[in-house]
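Here the structure is laid out as structure tokens; the discussion comes afterwards.
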Amino acid sequence: MSHNILIVAEHDGSTLSLATAKCVACAATVPGAHITIAVCAADAAAVAAQAAALAGVERVLTVEHPLHAHPLAAAIAPQIAALAGPYSHVFGPSSTFGKDLMPRVAALLDTAQVSDIMAVESATRFRRPIYAGNAIITVEVLEGAKVVGTVRTASYQAAGTGGHAAIEAAAPGVEPPAHTRFVSVSTAGGDRPDLQTAAKVVSGGRALGSAESFQILYRLAAKLGAAVGASRAAVDAGYAPNELQVGQTGKIIAPELYIAIGISGAIQHLTGIKDARTIVAINKDPEAPIFEVADIALVGDLFEIVPQIEQLIG
Amino acid sequence: MKRILVGIKRVVDYNVRIRVKPDGSGVLTEGVKMSVNPFDEIALEEALRIKERGAAEEVIVLTVGPADCQTQLRTCLAMGADRALHVQSDTALEPLVTARVLRALIEREQPFLVLLGKQAIDDDNGQTGQMLAALWDRPQATFASKLDIADGKARVTREIDAGLETLEVDLPAVVTVDLRLNEPRYVKLPDIMKAKKKPLETLTLESLGVVARAQLKTLHFEPPAQRHKGVRVKDAAELVAALKQKGLL
Ligand SMILES: Cc1cc2nc3c(=O)[nH]c(=O)nc-3n(C[C@H](O)[C@H](O)[C@H](O)COP(=O)(O)OP(=O)(O)OC[C@H]3O[C@@H](n4cnc5c(N)ncnc54)[C@H](O)[C@@H]3O)c2cc1C
């Protein structure tokens, strides 16, 4: 049986997010998948071209409106709902963009949502984590309902390129509401590697003690070509900006290497790093729960160890 | 009357280590500590602060669930909510149904603001607020870490993957809250006594015209894959050597 799948593109106006390519990878595991990507933008051309080049994508639909210059869920959801008719599945990434948008789409379609899909078992059966990843459930979407889902991007490798999908302008005939207005966005990031896609991540916890001390992690990360992450305690204390938070309520990441420094390993943190290939933990408490998941464990004082590592790798 | 409606959920306390039942039929919840979902507590705290600033006159707290939920509603009344609504349901409802309940109660209570947690820490669905906003055809501002209300509008700072985004929405609206919005107050003993006298109304789904439709069926629960036991190294030099051996340096 064939299934038409609509994926909502995440982008910043010029670049398609890697999360979208991961949604394509997930959608491609639905039996008989025919994949379409919808791009809502003020000017969709550049993003649509990138979407059309993804392997496995057959069609790209563009919806242009000045209100789509910023990703407002209230404006995008009715467009997607209006386009959704011919599709059995509507997917978006489990990023803050998709988490904000997709339930609004689901409600407009009068259908349930499957959040954080980590595996597709059949066209209607999915695996997803609950309780901060402490249990995995298999859910079945009952007969006849459209499947609206968010894709747990850490569970998928991004789809490659080489595709040549047709790009069409869609006219859903919806006037997005004006009741929600974008004011501003601020990012502390700079040009460091992106936490969500970096192969290596150096992450710090409450033990760092101050924003100044946190700088030793930025230095180590720079030497390793790594992104920087943080525990909630470190973010709450103002040592690191919120976009660096890793965990149940922060980012779920799957780097090759995760180095947890002065992080105790609360379940809410661990759920964010379960898919990391290698976890290194540095903690002065030999009983810290982080050691239960660490591939390489080093008990000791981070303020001694981190500078030593830095020297050793030169 | 200027009202804020706050939705809360009774969940397994965040400190409890969750265990899956051996037969895969669910997680063990017998005898474990239950609490107000931490995000919802923050939503309530925010509502109380808005009221204390004089920008609202009444804070209504509501939940959908079995009779036991009244314990958590009493906690919310002790924190300072003015009254509570308990919509009875002995089966767990899907977020879309909960959103319909909220929608029906909005019709009745006419709040200018609905505050909810951004997700419940049991199902981790993160859907109810956005679904409600869609059904209500009103603005949503999710993952709020700052909320200002003035002149019939809310200015909301949201924690997003890229950093912090600020939106302005017309009221009424739905705002879902993130952890850094505030720190909820502690409940004091006299408040617990006072809360016993505050109104707690029990309603049924039927009386609200909501059908407990299920579109999803959970077939199976299992524990997550375990990671392999790692190695201990004794110093920075051994650590660096181990990373080199794995090809990570
Ligand atoms: C609803 C909810 C959601 C949450 N979501 C998240 C989330 O997304 N992400 C998250 O991270 N947390 C989250 N938390 C918080 C989580 O429960 C923990 O409180 C938090 O992760 C602790 O951060 P930490 O490990 O940095 O701090 P702590 O637990 O205080 O640990 C600090 C560690 O540093 C070690 N240490 C101290 N000094 C040194 C030194 N000199 N050298 C080496 N080690 C040292 C200590 O031994 C300790 O293990 C959430 C909590 C709740 C209730």
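Per chain, numbering begins at 1; letters A, B, ... match sequence-line order.
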Greatest number of non-hydrogen atom pairs under 4.5 angstrom with chain A, of B:Lys234, B:Lys244, B:Arg213, falls to B:Arg213

Looking only at heavy atoms, the pair that brings A:Lys146 and A:Ala84 closest together is NZ-O, 3.1 Å

Most contact-rich option vs chain A, by heavy-atom pairs under 4.5 angstrom, among B:Leu164, B:Leu96, B:Thr128, B:Ile160, is B:Leu164

**Prompt:** For B:Arg155 and B:Thr166, what are the C-alpha separation, side-chain angles and deciding distance, and is it a side-chain hydrogen bond (donor to acceptor under 3.5 Å, both in side chains)?
**Reply:** CA-CA 7 Å; B:Arg155 196 172 257 255; B:Thr166 303; 6.0 Å; no

Okay, A:Pro286 and chain B: the region with an atom under 4.5 Å from a heavy atom over there is both

Per-residue tally against chain A (heavy atom, under 4.5 Å) across B:Val169, B:Leu219, B:Val97, B:Asp178 peaks at B:Leu219

When the 4.5 angstrom heavy-atom criterion is applied to A:Val280 and chain B, the contacting part is side chain

d(A:His269 NE2, A:Ile290 CD1) to nearest 0.5 Å is 5.5 Å

Whatever's closer than 4.5 Å to a heavy atom in chain B on A:Lys99 counts as both

Cut-off 4.5 Å, heavy atoms of chain B, and the answer for A:Gln311 is neither

The interface call for B:Ala133 against chain A, heavy-atom contacts under 4.5 Å, is both

Honestly, the part of A:Thr278 sitting under 4.5 Å from a heavy atom of chain B is both

Highest number of heavy-atom pairs under 4.5 Å with chain A among B:His220, B:Arg180, B:Lys246 belongs to B:Arg180

When the 4.5 angstrom heavy-atom criterion is applied to B:Val27 and chain A, the contacting part is side chain

One option among A:Leu101, A:Ile313, A:Val114, A:Ile137 has the most heavy-atom pairs under 4.5 Å with chain B, and it is A:Ile137

Which pairs would a plain distance check flag for residues 13-21 of chain B, meaning a side-chain donor or acceptor within less than 3.5 Å of a matching protein atom at least two apart in sequence or in another chain?
from: B:Asp13; atom 1: OD1; to: B:Ser35; atom 2: OG; distance (Å): 2.6
from: B:Asp13; atom 1: OD2; to: B:Asn15; atom 2: N; distance (Å): 3.0

Checklist entry - Can any side-chain N or O of B:Thr157 pair as donor or acceptor with the backbone N or O of B:Lys146 at less than 3.5 Å? => result no

Flag, side chain of A:Asn242 to backbone of B:Gly163, donor-acceptor distance under 3.5 Å: yes

The interface call for A:Ala135 against chain B, heavy-atom contacts under 4.5 Å, is both

Interface check, chain B: of A:Val306, A:Asp12, A:Leu257, A:Ile305, most non-hydrogen pairs under 4.5 Å belong to A:Leu257

Whatever's closer than 4.5 Å to a heavy atom in chain B on A:Leu298 counts as both

Under 4.5 Å to a heavy atom of chain B? For A:Ile279 that would be both

Answer key: most heavy-atom pairs under 4.5 Å with chain A among B:Gln226, B:Lys217, B:Glu238, B:Arg227 is B:Arg227

Whatever's closer than 4.5 Å to a heavy atom in chain A on B:Val231 counts as both

Pair count under 4.5 Å, heavy atoms only, with chain B: among A:Leu312, A:Asp110, A:Thr124, highest is A:Asp110

Chain A shares the most heavy-atom pairs under 4.5 Å, among B:Gln127, B:Glu94, B:Lys229, with B:Gln127

Applying salt bridge (Lys or Arg N to Asp or Glu O under 4.0 Å) to B:Arg49 and not counting sequence neighbours gives B:Glu45

Looking only at A:Arg277, A:Glu292, A:Gln245, most heavy-atom pairs under 4.5 Å shared with chain B are made by A:Gln245

| request: Keeping the roles fixed (side chain from B:Asp235, backbone from B:Ala237), state whether a donor-acceptor pair exists under 3.5 Å. | output: yes

For the backbone of B:Gln119 and the side chain of B:Asn37, can you confirm whether one donor and one acceptor N or O come within less than 3.5 Å of each other?
yes

So, the part of A:Ile296 with a heavy atom under 4.5 Å from chain B: the answer is both

Okay, A:Leu72 and chain B: the region with an atom under 4.5 Å from a heavy atom over there is side chain

Worksheet item: Hey, does the side chain of A:Glu10 reach the backbone of A:Ala19 with a donor-acceptor pair shorter than 3.5 angstrom?
Response: no

| Under 3.5 Å donor-acceptor, B:Gln215 side chain and A:Ala112 backbone | yes

If you tally heavy-atom pairs under 4.5 Å between each of A:Leu224, A:Val299, A:Val105, A:Asp236 and chain B, the highest tally belongs to A:Asp236

Cut-off 4.5 Å, heavy atoms of chain B, and the answer for A:Glu304 is neither

Honestly, the part of B:Pro224 sitting under 4.5 Å from a heavy atom of chain A is both

Turns out that what part of A:Asp194 lies under 4.5 Å from chain B's heavy atoms comes down to neither

Strictly distance-based, threshold 3.5 Å: is any side-chain N or O of A:Ser94 a donor or acceptor partner for the main-chain N or O of A:Arg152?
no

A:His70 vs A:Phe182 aromatic rings, parallel, tilted or perpendicular, using cut-offs 30° and 60°?
parallel

Turns out that what part of A:Thr111 lies under 4.5 Å from chain B's heavy atoms comes down to both

Of the listed A:Leu195, A:Ile267, A:Thr150, A:Val293, the one with the largest count of heavy-atom pairs under 4.5 Å with chain B is A:Val293

Next on the checklist: With a 3.5 Å distance limit and no angle check, can you tell me whether A:Thr96 reaches the backbone of B:Asp161 through a side-chain donor-acceptor pair?
Outcome noted: yes

Just by modelled atom types, is the B:Gln130 backbone N or O under 3.5 Å from a matching donor or acceptor in the A:Arg104 side chain? no

Exercise for the section: Kindly say whether A:Thr187 contributes a backbone atom to a donor-acceptor pair with the side chain of A:Glu243 at under 3.5 angstrom? Expected result: no

Cut-off 4.5 Å, heavy atoms of chain A, and the answer for B:Phe221 is both

Run the side-chain hydrogen bond (donor to acceptor under 3.5 Å, both in side chains) test on A:Arg232 and A:Gln268 for me, step by step, so that the C-alpha distance in whole Å, both residues' side-chain angles and the decisive distance to 0.1 Å come before the verdict. CA-CA 9 Å; A:Arg232 176 187 166 195; A:Gln268 295 86 5; over 6 Å; no

